[in-house]
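Counting begins at 1 with the first residue of the sequence.
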Amino acid sequence: MDSVFTRFPLRLQEAIVSRLGWSTLRPVQELAGQALLDGKNAIILAPTAGGKTEAAMFPMLARLIEREPAGVGLLYIAPLRALLNNQAERLGTYTNMVGLRRFLWHGDIKDSQKRRFLKEPTDVLMTTPESLEVMLLSPRVPHPILFRDVRALIVDEVHALAGTDRGAHLLSVCERLVRHTTHDVQRIGLSATVGNPAAILSWLQGTSRRPGCVIDPPHTPSPKDLRICLRPTIGAIARDASRLAVGQKSLFFCQSRALTEAIAEHLRGHGIDVFVHHSSVSLEGRTAAEARFQHGTNTSIVCTSTLELGLDVGDLDLVLQANAPATVASFLQRLGRTGRRAGQRANTTFFCEHPEAVLHAMALVELARKGWVESIPSQTRCWPVLVQQLLALTLQFGAISQERCWTCLTVVPDFSGISRDEFDGLITHLLTTGFLARANGLLAMGDRAEQVFGRQHFLELYAVFSSPQLYTIKTETGYVVGSLEQAFVDKLSEELSAFLLGGQAWLVEQVNHQERTVIVALAPRGMTPSWSGFTPQLLSFEVCQQLADLLQSDGTLPYLDRPSHEALAAFRHELGRLLRRPEPHLQMGPGQGLWWTFAGGQINHTLKYGLQIQHRWKVVTDNFRLRVEGDGLTFTTLCQAINAMRVQTFWDDPAHQEGVLARLPAYRLSKFQGALPERYALEMIHNYLLDIPGTRRWLHRSNTPEGEHAC
């Protein structure tokens, strides 16, 4: 087959050779170019700096050259303003070199620049999902004319959107936009490696009837430099990390803003220029850090996941990681920041504060070595975004029929599991509660919606994601220690978790989601602040099972340092023999039992409520175990309760289903949750916290043949 380069217009061919100095295209660009020029929708997979942007842009520029659009012809959508800003110069180079133009539109762009764009639109528009909706809702933007000739849209970092509320929002807005054009708009997603790219493609295609394909060229495995180090204090982490980082350019990833700040503070004074990058740092601060980092040679940016997505910060020598990210995908994304230069190997060094983080990091590394990576979850009943879109439609049209709303929204995959009766019931509820109103038989914005979301010209409505919900941290005597965000609190377990706040270590005694309070006591001397006994995230079944496999094995892992080896040996001594026995893995003591499942956060929470609807037991759970206490608890009664959950009809019993719903914590997962009927708000929490199908599969798998075990 001839190179796709020969299918490009001569103007683009000459620009690639003369302006960029390229002599060949990468495999991902060859494969993507052929598919996109053939008119297919596509998901293009490649690591950071793997050539995805060019793989999508060059064929699309070729189409725009062949027939220039009347208005915007190509939309380039990214989840973050920073990512758009980072890509603006590159896309500007590519459009300018062939006589086309691009414009960047988001909240930081001046109104005067936007007005000039509206008078003379560019061929390519770069924007975020939220800004795109602002354009649809603004009376100053002539969107039917502006977007009438859109032929394609490119979604960068699509894996960060699919399966989330922001992804549902993106697709909803795109489906509303494509109604203004007669084209079957071509959909292109750029992604890091994921476990189910075909499912993401199916989701992204929406109403498009084009054929689709996944572009995932073969990758030759390359050697990696991996190291897991156990260091018990932040000071020790900073000291040893600085020895690696001196004279190098490094990114140091952390799992929280607090840890980011603490490590950055300890790194300073070790001969390194240190910058901090997280969502609470101002835009100017983050931009300055990125710019100074690009031109530095002895610099480190200590960051959260804000630098995980494909922001280009130039050549990078090292990736350092405090503790471990939640997923294999995040680990691979961060690892892929290095190893781009000839002769350089991709590398990551984990610095773990406690032995449990060592186990977590090991599980991620071993799953990655097997070639496994998480699949992006799908959703078909995204209630909060459905509410947001109903309100947005009333804002866009002033008043709109119920039927038209259904027609606009039912095509979005994220709403496909919602029936017409449920949709009509939601409308009735929103009318009753004042979020919607009737005007001459049409739906209009209600007074309550204007009160809740109308501030600052409805900016609260445009953004689907919620501002952080704060919980008050206090002692039993009422002394207020401080506050924590819900995302942090969600990961705490009563009487198991300890954390640092205000320079003190606190043990969690009670979490009250209704009042948004956490009751704490000073942690016992010598207790290491940690989360839920092991790790801070709600971990997946696969990661936890891999961890259990490592504990049952006696193999050595070459990337562990001596303290990490010793920690692994201690865990194997404590739990290895137990885990090699037939399930369930129970440890019974006076008045309590430990059930070691290593089944992950969602399955363990499901098991927790399954036990509690049978007995008045207190059950505390984390990713790996359930701790059970209460009257009548014995080895036999616990086994009986476990066996009851193995029966197929247990989870189908309406009384049991109601019992589970009644016990769910009052989590606030979305700013639109309060507009929903209670049953749908509970369904949101249920889907976030529990996994009944997965629990059924795991219980069936773990059901030992009769006679093999006392249970």
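Distance alone, capped at 3.5 Å, places no donor-acceptor pair between the Ser131 side chain and the Thr128 backbone. Checked by atom type and distance alone, the side chain of Ser401 never pairs as donor or acceptor with a backbone atom of Cys405 at under 3.5 Å. Side-chain N or O atoms of Arg187 include one that pairs as donor or acceptor with a backbone N or O of Val185 at under 3.5 Å. Formation of a donor-acceptor pair under 3.5 Å by the Asn604 side chain with backbone atoms of Asn623 is found in this model. A donor-acceptor pair under 3.5 Å is formed between the side chain of Arg663 and the backbone N or O of Gly659. A donor-acceptor pair under 3.5 Å is formed between the side chain of Asn196 and the backbone N or O of Ile376. Within the 3.5 Å criterion, the main-chain N or O of Ala641 finds a donor-acceptor partner in the side chain of Gln614. No side-chain donor-acceptor contact under 3.5 Å links His169 to the backbone of Thr164. A donor-acceptor contact shorter than 3.5 Å links the side chain of Glu175 to the backbone of Thr207. Remark: side-chain polar atoms of Ser138 are not paired, donor with acceptor, to backbone N or O of Val134 under 3.5 angstrom.
Proximity of Thr475 to Ile519: side-chain heavy atoms (C-beta onward) are nowhere separated by under 4.5 Å. Inter-residue side-chain proximity for Leu84 and Trp105 is flagged as unmet; no heavy-atom pair is nearer than 4.5 Å. Put simply, the side chain of Ile400 does not reach to within 4.5 Å of the side chain of Leu442, judged on heavy atoms. The shortest side-chain heavy-atom distance between Phe415 and Ser172 falls under the 4.5 Å cut-off. Put simply, the side chain of Arg627 does not reach to within 4.5 Å of the side chain of Arg625, judged on heavy atoms. At least one side-chain heavy atom of Phe423 sits under 4.5 Å from a side-chain heavy atom of Leu390. Between Leu436 and Ile427 there is a side-chain heavy-atom pair separated by less than 4.5 Å. Contact of the Leu153 side chain with the Cys174 side chain is registered, since non-hydrogen atoms from C-beta on lie closer than 4.5 Å.
Shown here is Arg616, whose CZ atom has no more than 12 heavy atoms of other residues, nucleotides or ligands within 6.0 Å. The number of heavy-atom neighbours closer than 6.0 Å to NZ of Lys114, taken from other residues, nucleotides and ligands shown, is above 12.
When Gln673, Glu683, Glu422 are each tested for a side chain to side chain donor-acceptor pair (under 3.5 Å) with Trp383, only one passes: Glu683.
In plain terms, the two heavy atoms of Tyr76 and Leu190 that are nearest each other are OH-CD1, 4.4 Å. Between Gln255 and Ala322, the closest heavy-atom pair is CG-O, 4.3 Å. In plain terms, the two heavy atoms of Cys544 and Ala599 that are nearest each other are CB-N, 4.2 Å. Here the closest non-hydrogen pair linking Leu538 and Tyr688 is CD2-O, 4.2 Å. When all heavy atoms of Val508 and Val520 are compared, the closest pair comes out as CA-CG1, 4.3 Å. When all heavy atoms are compared, the tightest approach of Met645 to Trp651 is O-NE1, 3.2 Å.
Taking OG1 of Thr327 as the start and CD of Glu374 as the end, the distance is 4.5 Å to the nearest 0.5 Å. Expressed to the nearest 0.5 Å, how far CG of Leu125 lies from CG of Leu104 amounts to 8.5 Å. We find the OG1-NE2 distance between Thr606 and His686 to be 7.0 Å, quoted to the nearest 0.5 Å. From Asp108, atom CG reaches atom CZ of Arg81 across 4.5 Å, with rounding to the nearest 0.5 Å. Separating the CD atom in Gln87 from the CG atom in Leu80 is a distance of 11.5 Å, to the nearest 0.5 Å. Note that CG of Leu75 is 6.0 Å distant from CG of Leu177, once rounded to the nearest 0.5 Å.
The aromatic rings of His605 and Tyr609 are tilted relative to each other, their planes meeting at an angle between 30° and 60°. Below 30°, between 30° and 60°, or above 60°: for Phe453 and Phe435 the angle between ring planes is between 30° and 60°, a tilted geometry.
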key: salt bridge (Lys or Arg N to Asp or Glu O under 4.0 Å) assessment of Glu403 paired with Arg420   = CA-CA 10 Å; Glu403 188 64 34; Arg420 181 59 193 263; 3.1 Å; yes
query = Trp506 and Leu522: side-chain contact (heavy atoms from CB on, under 4.5 Å), yes or no, with the steps?
reply = CA-CA 5 Å; Trp506 300 97; Leu522 285 172; 3.6 Å; yes
Test side-chain contact (heavy atoms from CB on, under 4.5 Å) applied to Gln602 and Leu690, step by step = CA-CA 5 Å; Gln602 283 190 313; Leu690 308 182; 5.9 Å; no
request  = Show your reasoning for whether side-chain contact (heavy atoms from CB on, under 4.5 Å) applies to Phe650 and His656.
outcome  = CA-CA 7 Å; Phe650 179 89; His656 290 172; 3.4 Å; yes
request  = Decide yes or no on salt bridge (Lys or Arg N to Asp or Glu O under 4.0 Å) for Lys608 and Asp622, but give the supporting numbers first.
outcome  = CA-CA 10 Å; Lys608 167 185 173 177; Asp622 58 26; over 6 Å; no
Evaluation steps, side-chain contact (heavy atoms from CB on, under 4.5 Å), between Arg166 and Glu130 = CA-CA 9 Å; Arg166 289 194 73 201; Glu130 291 76 20; 2.8 Å; yes
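Between Glu133 and Gln389, the side chains place a donor N or O and an acceptor N or O closer than 3.5 Å (distance only, hydrogens not considered). Side-chain atoms of Asp691 and Trp698 include no donor-acceptor pair closer than 3.5 Å. In this structure, a donor-acceptor pair under 3.5 Å is present between the side chains of Gln379 and Asp414.
Note on residues 429-449: pairs passing side chain to side chain donor-acceptor pair (under 3.5 Å), not counting sequence neighbours, are Gln402-Arg438.
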